[in-house]
Amino acid sequence: MNLAALIVTGDAALADGLLRLAAAADAHAEVAHGADEARAAWTWPALVLVGADIAGDVASAGFQRRPGVVLVTPSAATSETYRLAVEVGAQDVAALPDHEDWLVDAFAAAGEPEGGWATTLCVVGSRGGAGASVLAAALGLTAAGQGLRTLLVDADPLGGGVDLMLGLEEQEGVRWHDLAERRGRLNTATLRETLPSSGDLSVLSWRRGAPVPVSGESARSLLDAAVRGFDLVIADIPRYPDDVGRAALRSADLTFVLVPAEVRATVAADGLAASLRRDTDELRLVVQGPAPGGLTADAVAHALDIPSAGAYERDRRLPAAVDEGALERGCRRGPLAEFCAGVLADLALQPYAYREEIAA
């Protein structure tokens with residue numbers, strides 16, 4: 001495991017307290033009990049925590065100035081504390097126990113590799129039964145099949161669960177219920193490891209029964225971890241989004257509005273688009289055929305004045321596949337599979353491992 005943080009202190013109680021916070025953040029930290037012991041590892045980790053008890057020795061050692069240094073004191077900071085922080089080249093001062101949450105976030109950030117940010121897509125249907133959940137899941141399956149680490153977020157607590165479509169409802173793992181009260185920064189590696197998954201596709205859905213309220217803060221924390229830990233995040237959004245849906249919309253790079261080629265669905269999409277623009281700017285129209293009255297995709301696009309992402313025909317095989325929890329099998333070929341492949345080609349996403357290789 002890579003060293004995320006170096007703790008430099010001769011105070012055993014302070015060292016134990018900081019190691020506890022590192023464990024809470026799933027970050028690997030080691031303790032150097034003196035300046036000489038810290039010298040060899042000073043430049044390695046992303047985070048260096050220097051205890052106030054040993055700050056004078058560290059300052060006298062003449063270590064190279066570097067980012068990510070925090071001076072930690074087990075009591076309230078004083079003018080002397082800030083003087084020591086300047087001498088050791090610390091960018092921050094943390095006083096325990098008041099700044100424990102801040103330190104957990106700092107440990108979590110230090111424990112994560114730098115890999116850039118995921119693209120976030122939202123999918124919403126203009127009417128009930130339009131097939132937005134199927135489209136979101138199909139995009140996720142296609143992306144995962146291309147080697148993209150993908151998270152499918154179910155933002156509809158009353159939608160029945162996207163995990164059911166994928167046959168993952170019995171798989172152990174974290175659901176929204178487990179994150180409803182979560183605050184602060186989530187560790188991305190832990191998130192990936194604990195979510196139900198199939199190959200490179202991870203799913204965050206709801207447990208059966210009455211949904212729990214999830215605050216906007218908890219939703220933002222989850223989405224922040226998601227964009228740091230995945231290549232692609234896809235959120236299935238209801239037409240009347242709550243805090244989870246609005247948080248996803250506000251973080252979205254693109255929001256796809258799925259409109260069946262019907263007059264009523266098109267009229268509904270006009271009002272929906274106006275509502276969505278309160279939380280997201282980049283809307284793209286997706287038209288789904290067949291058109292019972294001959295309404296064309298171009299006519300829908302013209303009526304709504306939303307840039308088009310394309311169109312596809314409803315696949316009659318998919319309802320049965322959804323009922324059987326076998327959507328993956330149903331999406332291997334057909335018009336929806338072709339459409340999803342085209343969308344991903346236009347986005348030109350690169351897998352995390354490839355981005356990491358280029359950066360190196």
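Note that the structure is predicted; figures quoted are calculated from it, not measured.
A side-chain contact (heavy atoms from CB on, under 4.5 Å) with Leu249 is found for one member of Val124, Asp281, Asp279 and no other, namely Asp279.
Under the 4.5 Å side-chain heavy-atom criterion for ILVMFWY residues, a single connected hydrophobic cluster contains both Leu201 and Leu347. Put simply, Leu272 and Val287 are part of the same group of oily side chains (I, L, V, M, F, W, Y) that touch within less than 4.5 Å, one to the next. Taking hydrophobic clusters as Ile, Leu, Val, Met, Phe, Trp and Tyr residues chained together by side-chain heavy-atom distances below 4.5 Å, Leu141 shares a cluster with Val286. A continuous path of ILVMFWY side-chain contacts below 4.5 Å connects Phe230 to Leu179, so both sit in one hydrophobic cluster. Hydrophobic clustering (ILVMFWY, side-chain heavy atoms < 4.5 Å, transitive): Ile234 and Val134 are in one cluster.
Side-chain N or O atoms of His28 include none that pairs as donor or acceptor with a backbone N or O of Ala4 at under 3.5 Å. Formation of a donor-acceptor pair under 3.5 Å by the Thr280 side chain with backbone atoms of Arg277 is not found in this model. At least one donor-acceptor pair under 3.5 Å links the side chain of Arg246 to the backbone N or O of Pro241. Judged purely by atom type and a 3.5 angstrom limit, Asp253 uses its side chain to pair as donor or acceptor with the backbone of Thr120. One N or O on the side chain of His99 and one on the backbone of Ala95 form a donor-acceptor pair closer than 3.5 Å. Proximity of a side-chain donor or acceptor of Glu170 to a complementary backbone N or O of Leu168 within less than 3.5 Å is not detected. Here the side chain of Asp270 pairs no donor or acceptor atom with the backbone of Leu304 at under 3.5 angstrom.
Proximity of Leu318 to Asp315: side-chain heavy atoms (C-beta onward) are separated by under 4.5 Å at one or more points. For the pair Ile7/Leu19, a side-chain contact is recorded, criterion being any heavy-atom separation below 4.5 Å from C-beta on. No side-chain heavy atom of Cys331 sits under 4.5 Å from any side-chain heavy atom of Cys340. Taking the side chain as every heavy atom from C-beta outward, Leu49 and Val8 never approach each other to under 4.5 Å. At a threshold of 4.5 Å between non-hydrogen side-chain atoms, the residues Leu96 and Val72 count as touching. Residues Asp154 and Leu152 have side chains not in contact (no heavy-atom distance under 4.5 Å, counting atoms from C-beta outward).
Separation of atoms CG (Asp200) and CG (Leu151) is listed at 12.0 Å; rounding is to 0.5 Å. Atom OG1 in Thr150 sits 5.0 Å away from atom CG in Leu232 (nearest 0.5 Å). To the nearest 0.5 Å, atoms OG1 (Thr78) and CZ (Arg83) are separated by 9.5 Å. Interatomic distance, Arg192 CZ to Ser197 OG, rounded to the nearest 0.5 Å: 11.0 Å. Taking CZ from Arg20 and CG from Leu103, the interatomic distance works out to 10.0 Å, rounded to the nearest 0.5 Å. The structure places CG of Leu283 at 9.0 Å from CG of Leu254, a figure rounded to the nearest 0.5 Å.
Not counting sequence neighbours, the partners of Glu262 by the salt bridge (charged side-chain N to carboxylate O under 4.0 Å, His left out) test are Arg127. Ala22 pairs by the side-chain contact (heavy atoms from CB on, under 4.5 Å) definition with Ala29, Phe107, not counting sequence neighbours.
Look at Asp224 and Arg220 and you find no salt bridge, because none of the NZ, NE, NH1 or NH2 atoms lies under 4.0 Å from a carboxylate O. Under the 4.0 Å criterion applied to side-chain N and carboxylate O atoms, Arg208 and Glu169 are not assigned as salt-bridge partners. Between Arg284 and Glu282 there is a salt bridge, since at least one side-chain N of the basic residue sits less than 4.0 Å from a carboxylate O of the acidic one.
Shown here for Ala77 and Val93, the closest heavy-atom pair between the two residues is CB-CG1, 4.2 Å. Of all heavy-atom pairs between Ala247 and Ala219, the closest is CB-CB, 3.8 Å.
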Report task. Evaluate the salt bridge (Lys or Arg N to Asp or Glu O under 4.0 Å) criterion for residues Asp178 and Arg175: first the C-alpha distance (whole Å), next the side-chain angles of each, then the deciding distance (0.1 Å), finally the verdict. Result -> CA-CA 6 Å; Asp178 306 300; Arg175 265 74 175 182; over 6 Å; no

Requested in this report: Kindly determine whether Ser218 and Ser221 satisfy side chain to side chain donor-acceptor pair (under 3.5 Å), including the steps that lead there.
Outcome: CA-CA 5 Å; Ser218 297; Ser221 176; over 6 Å; no

Query raised in the report: Could you walk me through whether Val214 and Trp206 pass the side chain to side chain contact (heavy atoms under 4.5 Å, CB included) check?
Result: CA-CA 11 Å; Val214 179; Trp206 305 82; 3.9 Å; yes

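The closest side-chain donor-acceptor pair between Asp53 and Thr9 falls under 3.5 angstrom. In this structure, a donor-acceptor pair under 3.5 Å is present between the side chains of Asp236 and Ser133. Gln288 and Tyr312 share a side-chain donor-acceptor pair at under 3.5 Å.
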May I have the list of side-chain donor-acceptor pairs in residues 56-70 shorter than 3.5 Å, sequence neighbours left out?
residue	atom	partner	partner atom	Å
Ser60	OG	Gly56	O	3.0
Arg65	NH1	Val86	O	3.1
Arg65	NH2	Glu87	O	2.8
Arg66	NH1	Trp42	O	2.7
Arg66	NH1	Pro45	O	2.9
Arg66	NH2	Pro45	O	2.9
Arg66	NH2	Ala46	O	3.1

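Annotation for Arg317: atom CZ counts as buried by contact number, over 12 foreign heavy atoms lying within 6.0 Å. Within 6.0 Å of the CG atom in Asp101, the count of heavy atoms belonging to other residues, nucleotides or ligands does not exceed 12.
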